[in-house]
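Everything below concerns the one structure shown next.
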Protein chains: 2
Amino acid sequence: MKKVAVVGVAQTKFSGPQEKTGVELFAEAATEAITESNLTPKDIKALFVGNALADFEEGQGMIQSYAAENIGCLYVPANRYEGACASASMAVRDAFIWVASGYYDIVLAGGVERAATMGTGLATRTFAMFSDAHYEYPAGVTFPAVFAMLAHLYADTYKIPLQKLREQMAWVTIQSYRHGSVNPKGQFYGKNADMTVEKVLGSFVVATPLTLHDCCPFSDGAAVVILASEEAAKKLTNKPVFVTGIGQASCGTLSNQSDYLPRIRAREVSSQQAYDMAGLKPEDIDVCELHDCFSIASLIAAESLGFFDYGTSGEAWQRGEADIGGKVAINPSGGLKSKGHPIGATGAGQVYEIVRQMRGEVESERQVENVKTGLTDTLGGDGGTLVNIILERGW
Amino acid sequence: MKKVAVVGVAQTKFSGPQEKTGVELFAEAATEAITESNLTPKDIKALFVGNALADFEEGQGMIQSYAAENIGCLYVPANRYEGACASASMAVRDAFIWVASGYYDIVLAGGVERAATMGTGLATRTFAMFSDAHYEYPAGVTFPAVFAMLAHLYADTYKIPLQKLREQMAWVTIQSYRHGSVNPKGQFYGKNADMTVEKVLGSFVVATPLTLHDCCPFSDGAAVVILASEEAAKKLTNKPVFVTGIGQASCGTLSNQSDYLPRIRAREVSSQQAYDMAGLKPEDIDVCELHDCFSIASLIAAESLGFFDYGTSGEAWQRGEADIGGKVAINPSGGLKSKGHPIGATGAGQVYEIVRQMRGEVESERQVENVKTGLTDTLGGDGGTLVNIILERGW
């Protein structure tokens, strides 16, 4: 297997409803990533797109083919991957193996979504398709409901009074909003920096105990990563970021995981694969962009990724251990909760953030010092797909 | 790169509307393929599913995760590929690279669709999403319209009187129906064996010059292929079928291909990749399952695949050169037009047919003698995705 490097990254601003089509959004990010990589569209050997909703949202199936044409990557193989929120991470992981195998030297992978343009109410209902459609969704299992249940279960499992857990979750939100408020590519840029526990707890209830500020927004946006073999990378950049670990696993229905919840078993299987492949442990990770679709999701993820003991991550957040300068800097981008969550693009957006952190290119208020290693964590649905990617600085 | 073998195949009956869910259909084929491969679900290292419409048709996104759980492949990576009609071929091609790279020794790949259950009228309109949604679809470009236009263009380009072309297309239909009438896994099993040119031309017009019998049906069904490394294959079967060539390419909008039509440029790029990789030429192929979504599509495909000169394949069909015992046996399964076309499953169904032909396992009336090489050809949309796979007998 060849070493695989990220040679270029790009991301559109993650935003509320906007006017570009999915193809146009993806092309915006792809063109910027190709330019940053010192490449032209003709150098791209294959193009992989994560996307969940373009068929529903704008009536465009097989979006990858039109995206490839639009950016001038003519007649290349173009794949669409759908793993709900983890769609782009799936695309990046697959691009990794095509490059690692030596079959292609340069592959463009990313994702795009117009989830905000769809409208929040419709998006929540439509997106519930990405849970089990035959038994669980008809029982009312939209994703806010799933994570509300997980919050209750988390409180019960670890004997944390619900009010205390609500406060811990509020601290997660406060940190994410603070980081995201200084991220110009984020949906809540310039907003919510003055969030308080009281404001979080006092905002309207979405699904008890989750309030509005415990939930990420729906977003429009695209993000793109260009992977190259080590040989190709040497000619393109003096700051290659190597993909040294990948993992992926699927759970099925939520009910089938019930002995394991609130932990998501797929995450533990997936992250272990990535750590083993990279030869790293959780304590070796400098920055982590994890899947905080809800504030409770951050607590659950950080524990399964090995950063904190089970039932203790709320305290860790309150002590600043998950913050910049702490044990591990979690979601310095603002995460899904503040940077935004354009479903099919999110995983590539996480890679974008880690690569930019390594290069020291982010805003000073949210720059982590001397980042050598990073981990992405993307959850599709309620465990249907879990992807982890470990990145290491190559200079 | 390691040699990759098909060690097991399975297909549900392709049919009209039926009662199983997509997960259940896929599981039926997957379980049979696993059993045929002398494996258990625990041996499957990854599971790749082609699917285009499950979110629209039954409200099930991320179907691969629920399919993996259903058949007992717990916590494996499960990917969904969407490339319209070529979705399953994309999944199989991707499974190939994961095995060829040495990363996994055994991968299950296939596809599933319930396009018939969706209802023909709704399916045609919905499926038009897999053309360009912003300019071409709003202009009335459903797929029957696309192929009707290609038929006119074909007649014009090669100076064939339209009535003569209509008769040539009828012969394509007659051959497909004859083969499919003796394929118990086909949708038109036991039907249409007595088709005549007069009946084809006299059936109702779908889009001039295409009549009902020029068009494939929408179908429900699933098909699954299990790929293994040569080493693993040796322990599992004494009849391995090797994947020796793969190709894939994308065109974008139909209008962007206008200098090239009625030829589909992506097919010529893709099939050349596959031929080059296998070190074979068109004349080396014994059996070909090609994408005959409409009878005109067969003529166009057979030429770009190199079997007949441009503008002459209609005559070749009439002379029996595309039939069993001819120059190349095309669609002995009955093809999409008679075996059926469950969109996301079709490509895996093509591999299923070729493997069974090589093993000498199909009904005697449609068994090709001594099959050593086979080619699949799957077209997604109107050129958005084109995948070719070359298979060679390993014993």
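Everything numeric here is computed off the predicted structure, so don't read it as measured data. Just so we're on the same page: letters track the sequence lines, and every chain starts at 1.
For the residue pair Glu69(A) and Thr253(B), a side-chain donor N or O sits within less than 3.5 Å of a side-chain acceptor on the partner.
Here the closest heavy-atom approach between residue Tyr66(A) and residue Asp132(B) is recorded as OH-N, 3.3 Å. Smallest separation of non-hydrogen atoms from Met62(B) and Phe130(A): CE-O, 3.4 Å. Closest approach of Ala52(B) to Asp55(A), counting heavy atoms only: O-OD2, 4.4 Å. The two residues Tyr75(A) and Ala249(B) make their nearest non-hydrogen contact at O-CB, 3.2 Å.
Side-chain N or O atoms of Ser250(B) include none that pairs as donor or acceptor with a backbone N or O of Ser65(A) at under 3.5 Å.
Cation-pi geometry between Arg80(A) and Tyr81(B) is not met at under 6.0 angstrom from the ring centre and within 45 degrees of the axis.
Contact annotation: the side chain of Gln60(B) never approaches that of Met129(A) to less than 4.5 Å [non-hydrogen atoms, C-beta and beyond]. Inter-residue side-chain proximity for Arg93(A) and Pro77(B) is flagged as met; some heavy-atom pair is nearer than 4.5 Å. With contacts defined as side-chain heavy-atom distances shorter than 4.5 Å, the pair Asn79(A)/Gln248(B) qualifies. Contact annotation: the side chain of Glu24(A) never approaches that of His134(B) to less than 4.5 Å [non-hydrogen atoms, C-beta and beyond].
Within the 4.5 angstrom heavy-atom criterion, only side-chain atoms of Val269(A), from C-beta onward, approach chain B. With a 4.5 Å cut-off on non-hydrogen atoms, Glu58(B) touches chain A through its backbone and its side chain both. There is no contact between Ala68(B) and chain A, counting heavy-atom distances below 4.5 Å. The contact between Ile246(B) and chain A is made by backbone and side chain atoms together, counting heavy-atom distances below 4.5 Å.
The choice from Ala67(B), Ser131(B), Gly380(B), Ala84(B) that makes the most heavy-atom pairs within less than 4.5 Å of chain A is Ser131(B).
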